[in-house]
Amino acid sequence: MEELDAWYDSFEDETAPELTDAQKQMSKQRLFNQLDQLTSEQPKKRHLHLVRYASVAAAIVLLIAGITLFKPSSKPEIKENQLALTPDVAPGGDKAILTLADGRQIVLEDKPNGQVAAEGNMTIIKMNSGMLTYQGSNKNRSIVNQLNTISTPIGGQFQVVLSDGTKVWLNAASSITFPSQFTGNIREVSTTGETYFEVATLKNGKEKVSFRVNTGGQKIEVLGTQFNVNAYGDQKLYQTTLVEGSIRISQNKEAKLLKPGQQANISLEKDIINVSEADVEKAIAWKNGLFKFDNTDIISLMKQLERWYPIEVVYEGRITNERFFGKIDRNYTLSEVLKVLQLGQVHFKIDDKINANGKRKLIVMP
């Protein structure tokens, strides 16, 4: 492994453009995956040495061929299907709309830091970090609930601290509806898309005040915990991943209790809850500013890009069966991300024109 790493690093020189860490990681992961596939077969005993040596030889050939994937030429050849570097598409950012109980809408990215509105006893403040907070008193329990909604567009994300201290992160094309001030013994919110919660523990006397999340037909009940909910309307599967604490998930008449590190998968077609061990890092990568791919197919991968960049993905020719592994920073422009993905034998072209929805067409080709 040390010799292979040294050989891999030896191909970097001053004449070639420097690659990003994400590009190196994707390329290296791809090559090692090919090695694993070639050496994982169990040959018959009488052919053991021959097949073993053949596999190693084939692996070396693949590594040598693969070296061109992560060592770009200083003078790249122009091809018809080469990724167009311009015009580029910028990544998403902190963008959201706050809808107050009276119907007023506030574009949060346009607002300076400081107070943006008030609801009941609550003052709504935009912090220097771009986070929205509800500050005030929860002592007046007689106040009628006033529902607010925060929604993010495609290419948007946002964070809000609710009146009880619960922190919520919203991914792109997501929303949360909540009372500006919680009252009673139950705190209840509704969400769409993908959200991450750090639920604050709250007591009413000696009893803990429960927290409920309603999304896509499923209900999540918690007392104080951290979890991620992925429930986009264009998916056939909803996923809830528990980071710490305990949550109870119910869908119609079925209910399951999750432990930290577990994930509940709800199939909308079968209306069944399946609980399994989760890749927590992958589930919350978006919250940490990353795309994380782990045996991800091209269609699922493109769905993530469509939510973060203003693009419309179309496919030409055969759709690749290639699987993708690795991490990419969500702050990269679209062309930077596509350069990394092209290491997986997929090619892309960005259309110059912007359609009626304000999106550019991204063509995926074999």
Side-chain angles (χ1 to χ4, degrees), residues 94-108 111 114-127 129-153 156-171 173-231 233 238 240 245-250 287:
D94 293 333
K95 294 182 285 187
I97 294 176
L98 169 64
T99 303
L100 300 175
D102 60 8
R104 284 181 295 153
Q105 290 191 329
I106 300 172
V107 181
L108 295 174
K111 283 287 184 180
Q115 181 175 334
V116 298
E119 286 274 83
N121 290 342
M122 293 293 144
T123 301
I124 307 171
I125 300 174
K126 182 180 178 182
M127 309 297 286
S129 60
M131 175 177 62
L132 203 67
T133 66
Y134 281 66
Q135 299 180 4
S137 173
N138 265 328
K139 294 181 180 179
N140 189 346
R141 298 287 178 176
S142 62
I143 291 179
V144 177
N145 284 345
Q146 294 177 299
L147 293 179
N148 287 190
T149 298
I150 296 178
S151 55
T152 56
Q157 62 182 13
F158 218 79
Q159 183 182 353
V160 58
V161 180
L162 305 181
S163 63
D164 64 338
T166 293
K167 297 179 180 178
V168 185
W169 286 258
L170 283 82
N171 201 352
S174 304
S175 71
I176 178 170
T177 299
F178 56 94
S180 59
Q181 181 174 344
F182 289 106
T183 61
N185 295 323
I186 297 176
R187 297 168 287 169
E188 192 163 9
V189 303
S190 299
T191 67
T192 64
E194 187 165 23
T195 47
Y196 181 89
F197 288 85
E198 287 185 6
V199 178
T201 301
L202 191 64
K203 290 186 177 181
N204 186 5
K206 293 183 179 180
E207 293 186 2
K208 289 185 177 181
V209 180
S210 64
F211 193 98
R212 295 179 182 175
V213 179
N214 300 314
T215 181
Q218 64 176 325
K219 294 183 179 180
I220 304 170
E221 299 182 24
V222 303
L223 292 176
T225 188
Q226 299 182 31
F227 60 97
N228 189 79
V229 182
N230 186 324
Y238 289 168
T240 301
S246 178
I247 59 177
R248 181 176 181 269
I249 296 182
S250 59
K287 171 183 169 287

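Position 1 is the first residue of the sequence; numbering continues from there.
- Between Q181 and N121 the shortest side-chain heavy-atom distance falls below 4.5 Å.
- Using a distance-only test at 3.5 Å, with no hydrogens or angles considered, no donor-acceptor pair links the side chain of S174 to the main chain of T152.
- Atom CE of M122 is separated from atom OG of S180 by 7.0 Å, given to the nearest 0.5 angstrom.
- Distance check: F211 CZ to F197 CZ gives 5.0 Å after rounding to the nearest 0.5 Å.
- No side-chain heavy atom of V168 sits less than 4.5 Å from a side-chain heavy atom of I150.
- Looking at heavy atoms from C-beta onward, V199 lies in side-chain contact with R187 at the 4.5 angstrom threshold.
- For the pair V161 and M127, the minimum side-chain heavy-atom distance is 4.5 Å or more.
- Annotation: the span from I247 atom CD1 to K219 atom NZ amounts to 15.5 Å, rounded to 0.5 Å.
- For the atom pair T133 OG1 and K167 NZ, the distance stands at 11.0 Å (nearest 0.5 Å).
- Closest non-hydrogen pair, N230 versus E194, comes out as ND2-OE2, 3.5 Å.
- Taking the side chain as every heavy atom from C-beta outward, I124 and L100 approach each other to under 4.5 Å.
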When you look at Q218 and T240, which way does the side-chain contact (heavy atoms from CB on, under 4.5 Å) test go after all the steps?
CA-CA 10 Å; Q218 64 176 325; T240 301; 3.6 Å; yes
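- Smallest separation of non-hydrogen atoms from A200 and G165: CB-C, 3.7 Å.
- There is a side-chain donor-acceptor pair under 3.5 Å between E119 and N148.
- Annotation: side chain of Q157 is in contact with side chain of D94 (closest heavy-atom distance under 4.5 Å).
- Applying the ring pair (Phe, Tyr, Trp, His ring centres under 6.0 Å) rule to Y196 yields the partners W169; only residues at least two apart in sequence or on another chain are considered.
- A distance-only check finds no donor-acceptor pair linking the side chain of K126 to the backbone of V116 [under 3.5 Å].
- Between P153 and K95 there is a side-chain heavy-atom pair separated by less than 4.5 Å.
- Side-chain atoms of Q146 come within 3.5 Å of backbone N or O of G120 as a donor-acceptor pair.
- Residues K111 and L98 form no side-chain contact, since every pair of their non-hydrogen atoms from C-beta on lies 4.5 Å or further apart.
- T191 places no side-chain N or O within donor-acceptor distance of the main-chain N or O of T215, the cut-off being under 3.5 Å.
- In this structure, CZ in F178 is found 5.5 Å from CG in L162, a value given to the nearest 0.5 Å.
- Residue V189 forms a side chain to side chain contact (heavy atoms under 4.5 Å, CB included) with just one option from I220, T177, V213, T166, and that option is V213.
- The CD1 atom of I176 sits 13.0 Å away from the CZ atom of F158 when rounded to the nearest 0.5 Å.
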side-chain contact (heavy atoms from CB on, under 4.5 Å) for V229 and Y238? Distances and angles first, verdict last.
CA-CA 8 Å; V229 182; Y238 289 168; over 6 Å; no
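- Scored by the side-chain hydrogen bond (donor to acceptor under 3.5 Å, both in side chains) test, E188 finds N214 as partners (sequence neighbours excluded).
- A donor and an acceptor atom, one from each side chain of T192 and S175, are located under 3.5 Å apart.
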